[in-house]
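One structure is given here, and the rest of the page talks about it.
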Amino acid sequence: MADRSFDIARLPGFATIAVTVFVMLYLPIAMLVVFSFNAGDSVAIWEGFSLRWYPEAWANEAVKDATLRSLQIATAASLIATTVATMAALGTTRRRATRGQSFVYLMINQPLMVPEIVTGVALLVFFSTIKVATGYQGLGYLILAHAAFCTPFAYLPIRARLEGMDLALETAAADLYASPWQTFRHVTLPLVMPGAVAGLMLAFVTSLDDVVITLFVKSAGQDTLPTYMLAQIRRSVSAEVNAISTLLLLLTVVLLTLFFLLTRKRT
Amino acid sequence: MKKLLTTVAILCAGAAHAEGELQLYNWGDYTSPELLTKFEEETGIKVTVTDYDSNDTALAKVEAGGHGYDMVVPSANYIPIWREKGLIQELDLSKLPNHGNIASQWVDVPFDPGRKFSIPWQIGATGIAVNSDAYSGDINTSAIFLDTPEDLVGKVNVTPEMNDIMSLALWYVGGEPCSEDPEMLKAARDALIAAKPDWQSMDYGMTEKLSANDTMASVYWNGAVFRAHLQNDKVQFGYPQEGFPLFMDSVALLSDAQNVEEAYKFLDFIMVPENAAMISEFARYANGIEGSEAFMDEAMKTSPMVNIPPEMAEAGEFLPTCSAKSLEYYTAIWTELQK
Amino acid sequence: MSTAPPDPKLRAEVRRGWLLSAPALVLLAVGASGPLLIMLVYSFLEAGQYGNVEWALSFKAWFNVVLTRDIFDDTLGFADAHLTIFWRSAKLALLTTLFAFVVGFPTAWFIATRSPGLRTALLFLITIPFWTNLLIRTFAINQIIRNEGFLNTGLLYLGIINQPIVMLYTDFAVFIGMTYVYLPLMVLPLFAAIDRFDMRLLQAGYDLYASRWQLLRHIIVPVVKPGIISGSILVFIPALGAYVTPRILGGGRNMMIGNFIELQFGQGRNWPLGAALSVVLLVVVSIALIVYTRFATGSQDRSHG
């Protein structure tokens with residue numbers, strides 16, 4: 001049935017460009033992964049297969065330290081962001097669109113519209129005053145900053161999920177004399193859960209990946225994996241970075257696969 | 001919800017300072033990991049090093065407050081600034097029994113007579129690194145980056161350490177570092193701006209980049225270049241005969257340090273000749289502790305990159321601390337250069 | 001169910017809406033908007049000699065954003081250092097957006113016109129680079145274009161060149177890096193828009209003897225415009241304020257605005273100037289956003305026909 005229109009839809013050269021793009025997108029990353037298994041130190045000359053860089057990377061105290069810290073921050077931040085975003089999504093969707101709602105929408109999505117360098121600078125300036133005043137040096141600042149910019153990433157999938165939900169279910173529950181709280185617990189929440197989990201994972205990946213804001217907010221000895229990698233990339237060319245990158249990549253792929261499975265439209 | 005709050009609280013609290021810990025803020029590639037391991041074995045104190053690229057970055061970061069470091073390693077010409085701003089504290093010499101190990105010529109230095117604020121870390125010179133495959137002419141001159149020869153156009157890196165570059169430029173045009181003479185400063189500015197199009201980059205981390213042949217020439221520090229040379233023997237070092245800076249970096253105790261007792265242990269530790277030799281062995285610079293040569297390897301003792309040859313040494317001078325007026329000129333010129 | 005909900009019920013609903021949104025608002029206010037306001041305040045303070053600020057009102061930072069006084073002959077001139085850097089960043093961001101579009105549109109079209117199974121697989125494939133750490137992607141490009149990187153080693157080995165081509169630390173390197181990093185951001189919104197496009201319109205145009213090029217220009221592009229707009233915004237804004245990619249691939253010689261702003265908080269020792277420049281960047285970005293969205297809503301009104 002649709003076969004005829006595919007002829008029309010086939011524009012000349014487009015397929016070639018598309019395929020080239022896919023290849024070019026994956027080639028650099030593929031090189032990185034392949035050479036993380038290089039027995040030698042070079043990133044261009046293959047010297048045989050070896051897994052040596054992986055245990056070597058893990059043996060590095062700094063790497064272990066940074067990884068743990070990244071995971072700590074990402075977990076805390078994504079949990080906070082998702083909770084906050086779920087509540088906000090429930091408060092702003094499927095209701096009459098008021099001016100207040102657009103304001104909330106704008107506030108929540110502002111990290112997407114403000115360049116990271118600007119936010120990083122603003123947070124540096126804001127936190128250094130607080131750091132001096134209170135003497136508190138812990139991870140709190142990083143967790144707060146990460147939670148803030150992860151919120152839109154959690155919010156958008158949840159909102160999408162809510163908007164796709166059938167209001168009739170909740171109306172039915174109300175007709176059956178269920179209280180708003182009961183409706184929420186037994187009808188809304190389970191239905192919105194896949195969206196919330198999807199949002200949690202997006203938030204987690206976003207926090208794990210952040211470089212710029214972390215760079216400006218961190219204090220002594222608070223390296224995260226990305227900031228550690230940035231320092232290494234600017235200095236040395238060892239295959240250790242390749243190994244770490246491959247592992248990070250693997251984690252991202254796993255989380256993304258879950259995300260895709262969770263948000264797949266059920267036909 | 002409660003579980004969430006508890007988790008958050010625990011994660012935040014877990015960052016409190018543990019016993020036996022020390023935060024060192026030092027130049028990149030400048031601290032021997034073996035030294036830190038040995039220190040931890042002897043004292044049980046774990047040292048965490050955070051890197052900085054330049055004196056100005058370090059000063060800016062600490063001035064901003066809320067940094068969390070205990071010790072910093074500024075260059076000689078910056079120590080007076082740190083003292084003036086009250087950012088480093090006077091040392092209680094009774095807690096440093098090894099203080100007498102400091103070589104006699106480095107004890108009564110103009111920036112810290114009697115060494116009451118700073119303990120010597122390493123000494124070196126800023127000069128020119130060149131890959132001999134790319135260029136075979138005279139490398140003992142600042143013309144490499146101020147009037148780049150044909151072969152090196154587009155292949156020279158100029159490390160953005162303001163004081164070093166400004167001094168080299170001023171000497172090149174016939175002036176003096178920290179000059180307040182507008183004529184000389186103008187000439188230096190013009191020379192730098194005219195030369196910039198021939199440069200490839202203005203970055204740090206040259207040890208690796210020179211070894212990996214990413215860069216063919218650079219203004220850089222002799223010890224770091226020696227390290228590159230050990231990995232890539234085409235890398236050579238030149239001492240600009242128009243004038244080149246000598247530097248001495250020393251460890252200082254920050255006024256708002258949290259781990260003061262641990263810091264004293266560390267400061268005392270690095271004044272043991274054997275340990276000082278360890279520091280030098282790693283970054284390949286000379287140090288200011290008497291008797292440490294006995295522990296250093298042959299390559300260090302004989303290399304012209306570590307021990308400045310007498311015929312070259314004439315042109316080397318320690319940089320003075322610039323006056324506010326001079327600094328104003330420096331900053332204006334430097335900003336223009338960054339364009 | 002009554003058709004007109006009673007007032008108290010509506011008010012309760014609105015109040016609940018606000019209550020539910022409150023935590024998000026507080027978090028963003030403390031972690032994002034509040035600091036921006038403080039940064040604005042800092043731009044009106046005086047710079048400390050070695051960094052940080054003195055709490056004294058001063059317009060020097062704003063003055064210096066636009067004008068400079070030549071230190072030698074005291075003449076006033078435009079701060080062309082800042083203009084140059086802003087212009088360089090804008091040019092690069094625009095080029096990146098343009099190139100991303102030229103290459104991204106066919107890709108999005110291709111994905112949208114595949115069978116559903118293949119389409120999901122391709123979408124998944126294009127999303128992975130998008131979520132891969134920015135550092136990893138930039139580093140991957142670094143490894144390829146270095147003097148001893150994959151490209152040069154390959155070309156030397158094949159005998160095509162006998163000296164490595166210097167690609168790293170040039171403007172070209174930054175351009176390649178940025179395009180590579182931001183391309184998925186262009187493809188995804190384009191795909192979403194094309195996905196909603198009714199292919200029957202194409203059939204109709206074809207039946208009326210339109211050439212493929214005409215179909216593209218007069219039918220496809222206007223309808224898909226909202227996607228083009230979103231894609232362009234998603235690429236242009238981060239590209240303009242890019243920091244990591246220019247830092248790793250650019251070598252510090254030709255700074256972009258992101259690097260220059262960071263410099264003021266480090267070596268540059270001029271926090272108020274850094275804050276002022278950040279505000280300017282934010283304003284530029286906001287203007288770009290407003291212009292783009294006006295474009296999008298304007299064309300939407302016209303396409304109702």
Quiz item: Is there a side chain to side chain contact (heavy atoms under 4.5 Å, CB included) between F216(A) and E262(C) once you walk through the steps?
Solution: CA-CA 9 Å; F216(A) 280 89; E262(C) 192 250 358; 3.4 Å; yes

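With a 4.5 angstrom heavy-atom cutoff, V205(A) touches chain C only via side-chain atoms. Only the side chain of S128(A) comes within less than 4.5 Å of a heavy atom in chain C; its backbone stays farther off. Only the side chain of L215(A) comes within contact range of chain C, judged by heavy atoms closer than 4.5 Å. For L124(A), the part lying near chain C is the side chain, with the backbone staying farther off; criterion is any non-hydrogen pair under 4.5 Å. Contact of L27(C) with chain A is made through backbone and side chain together, with heavy-atom distances under 4.5 Å. With a 4.5 angstrom heavy-atom cutoff, L32(A) touches chain C only via side-chain atoms. Of the atoms belonging to A85(A), not a single heavy atom falls under 4.5 Å from chain C. Contact annotation for V211(A): only side-chain heavy atoms (C-beta onward) come within less than 4.5 Å of a heavy atom of chain C. Residue P111(A) touches chain C through its side chain alone, counting heavy-atom pairs closer than 4.5 Å. Interface residue V285(C): only side-chain heavy atoms are found under 4.5 Å from chain A. Within the 4.5 angstrom heavy-atom criterion, atoms from both the backbone and the side chain of L125(C) approach chain A. Interface remark: T129(A) contributes side-chain atoms only to the contact with chain C (heavy atom separation under 4.5 Å). Contacts of L36(C) with chain A are made by both backbone and side-chain atoms, with heavy-atom separations under 4.5 Å.
With sequence neighbours left out, L234(C) forms a side-chain contact (heavy atoms from CB on, under 4.5 Å) with L185(C), P189(C). Not counting sequence neighbours, the partners of R159(A) by the salt bridge (Lys or Arg N to Asp or Glu O under 4.0 Å) test are E163(A).
Of all non-hydrogen atoms in I126(C) and Y26(A), the two that sit nearest each other are N-OH, 4.5 Å. For the pair V118(A) and S278(C), the tightest heavy-atom approach, listed with the atom from each and the gap, is CG2-O, 3.8 Å. Nearest approach of T107(C) to V21(A), heavy atoms of both residues: OG1-CG2, 3.5 Å.
The side-chain contact (heavy atoms from CB on, under 4.5 Å) test with I128(C) singles out one residue from I29(A), L25(A), L256(A), T257(A), and that residue is L256(A).
Contacts of residues 148-155 of chain A with chain C at a heavy-atom distance below 4.5 Å involve A148(A), T151(A), F153(A), listed in sequence order.
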Sequence neighbours left out, cut at 3.5 Å: what donor-acceptor pairs do the side chains of residues 28-35 of chain C make with other protein atoms?
residue, atom, partner, partner atom, Å
S33(C), OG, Q110(A), OE1, 3.3
S33(C), OG, Q110(A), NE2, 3.1
S33(C), OG, L28(C), O, 3.4

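Each of V41(C), T127(C), L289(C) has some count of heavy-atom pairs under 4.5 Å with chain A, and the biggest count is that of T127(C).
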